[in-house]
Number of protein chains: 4
Amino acid sequence: MTVVGHNSVAGDQLRTVVERIERLEDEKKNVTADIKDVYAEAKGNGFDAKTLRKIVALRKLDEDKRKEAQAMLDLYAHAIGLDLI
Amino acid sequence: MTVVGHNSVAGDQLRTVVERIERLEDEKKNVTADIKDVYAEAKGNGFDAKTLRKIVALRKLDEDKRKEAQAMLDLYAHAIGLDLI
Amino acid sequence: MTVVGHNSVAGDQLRTVVERIERLEDEKKNVTADIKDVYAEAKGNGFDAKTLRKIVALRKLDEDKRKEAQAMLDLYAHAIGLDLI
Amino acid sequence: MTVVGHNSVAGDQLRTVVERIERLEDEKKNVTADIKDVYAEAKGNGFDAKTLRKIVALRKLDEDKRKEAQAMLDLYAHAIGLDLI
DNA sequence: CACTGGAAAATGCCGC
DNA sequence: GCGGCATTTTCCAGTG
């Protein structure tokens, strides 16, 4: 291990980790901004943002329910020795 | 315009908007998961997650401070124009 | 316990809780109104409301910064105890 | 007007205003904390906080409706030349 | 009166 | 498994 400067293996690792996180958070921020833009654009086309949000939330609920049903199916399939995947 | 089914221009627009939002939210969810993974991996390498989060937050805070300083500058310019104090 | 009417211990408790909350929310609303009044009065004395708000926010920010510094101190103490880096 | 130090009439006024606002905001903060405490205490007594919030919100809606009705009454009273207050 | 920004509430996550 | 905390979303006051 070199002691030149204040770097260390752990220090480099730390820097790498922090930068990876920051890059991902930037990405996330951009996606969030994109979503906001879509809502704004929809609003410009006469849609009510609040209602849109409700619709999206409801569809998400439905999807969750669907996934749950699928999980049930998998569970039962497994129980009878029929592994679907 | 066709009247087959229940489609309509507005309905198609709505569907498009909702689907765009859902795709973006999926993307966001994936990025969030990636961030979580990085934290988990770092933890596996001996880093403390809480400390990492703090470091990331602090670096963001610094950035915010720069922005705030700029805002102050603008404010003072305005205040001077008003001959406030 | 009396069974006259629909009251019950839980019902009375619920009523009490709700009323306490409502009284406090009224109080809060009054304080909010008072703050608004102070801003209005200050405006009448030639102060710019927006600037005043900024000043108040900045002073709060400074306080937050002090608290944040303390949190950092605690964190580092913890991190050293962990022999983190 | 004295020029000793950096004080000025406007400066003193500013300080006074800011301090009044800060005191009121502290008060508001305390009331908010009190409300939180009531919810926490209620939770300790077996009440569901989320449901409590819904109840409070609903009663508020009812009150608003009542106030609206009163406003209507006042309006009509005024229209027929009968000033209630 | 619509929009933006900041406070409050709901949700999800981590540690115990 | 749950309580506390951080994040996210929702809501409301202030602004132009």
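Labels below follow one simple rule: chain letters A, B, ... track the order of the sequence lines, proteins then strands, and each chain is numbered from 1. As a basis for the values below, the full set of heavy atoms in this structure was taken, side chains included, without hydrogen atoms, waters or symmetry mates.
Here the CG-CZ distance, from D/D62 to D/R66, works out to 10.0 Å after rounding to the nearest 0.5 Å. Rounded to the nearest 0.5 Å, atoms CG (B/L14) and CD (B/E19) are 9.5 Å apart.
Atom CG of D/D34 is separated from atom P of E/dA8 by 14 Å (rounded to the nearest Å). Atom CG of D/D37 and atom P of F/dG4 are 12 Å apart (whole Å). Distance B/L52 CG to E/dC13 P: 18 Å, rounded to the nearest Å. Protein atom OH of C/Y39 is 13 Å distant from nucleotide atom P of E/dG6, rounded to whole Å. Computed from coordinates, the B/L24 CG to F/dT9 P distance equals 13 Å when rounded to whole Å. In this structure, the CG atom of C/L61 is 11 Å from the P atom of E/dA7, given to the nearest Å. C/K67 places its NZ atom 14 Å from the P atom of F/dC5, with the value rounded to the nearest Å.
Heavy atoms of B/K28 sit under 4.0 angstrom from primed sugar atoms or phosphate atoms, though from no base atom.
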Is there a salt bridge (charged side-chain N to carboxylate O under 4.0 Å, His left out) between D/E63 and D/R59? Walk through the geometry before answering.
CA-CA 6 Å; D/E63 192 189 351; D/R59 280 167 60 105; over 6 Å; no
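Remark: D/K43 is not in phosphate contact with F/dG4, judged by side-chain N or O atoms under 4.0 Å from OP1 or OP2.
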Ignoring hydrogens and angles, write down the donor-acceptor pairs under 3.5 Å from the side chains of residues 26-33 of chain A, residues two or more places apart or on other chains.
from	atom 1	to	atom 2	distance (Å)
A/N30	ND2	A/D26	O	3.4
A/T32	OG1	A/K28	O	3.0

Produce the list of close N/O pairs, under 3.5 Å, pairing protein atoms with atoms of nucleotides 13-16 of chain F; give distances to one decimal.
from	atom 1	to	atom 2	distance (Å)
F/dT15	OP1	C/R53	NE	3.4

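Taking the nucleotide of DNA chain E with the nearest heavy atom to each of C/K54 and C/E25, the more 5' of the two is matched to C/K54.
Counting only heavy atoms from C-beta on, C/K60 has its side chain closest to E/dA7 among F/dT8, E/dC3, E/dA7.
In the hydrophobic clustering of ILVMFWY residues, with side-chain heavy atoms under 4.5 Å counting as a link, B/L24 and A/F47 come out together.
Considering every non-hydrogen atom in both A/L52 and A/Y39, the closest pair reads CB-CE2, 3.7 Å.
Listed by first and then second residue, the salt bridge (Lys or Arg N to Asp or Glu O under 4.0 Å) pairs that reach into residues 32-57 of chain D are C/R20-D/E41, sequence neighbours excluded.
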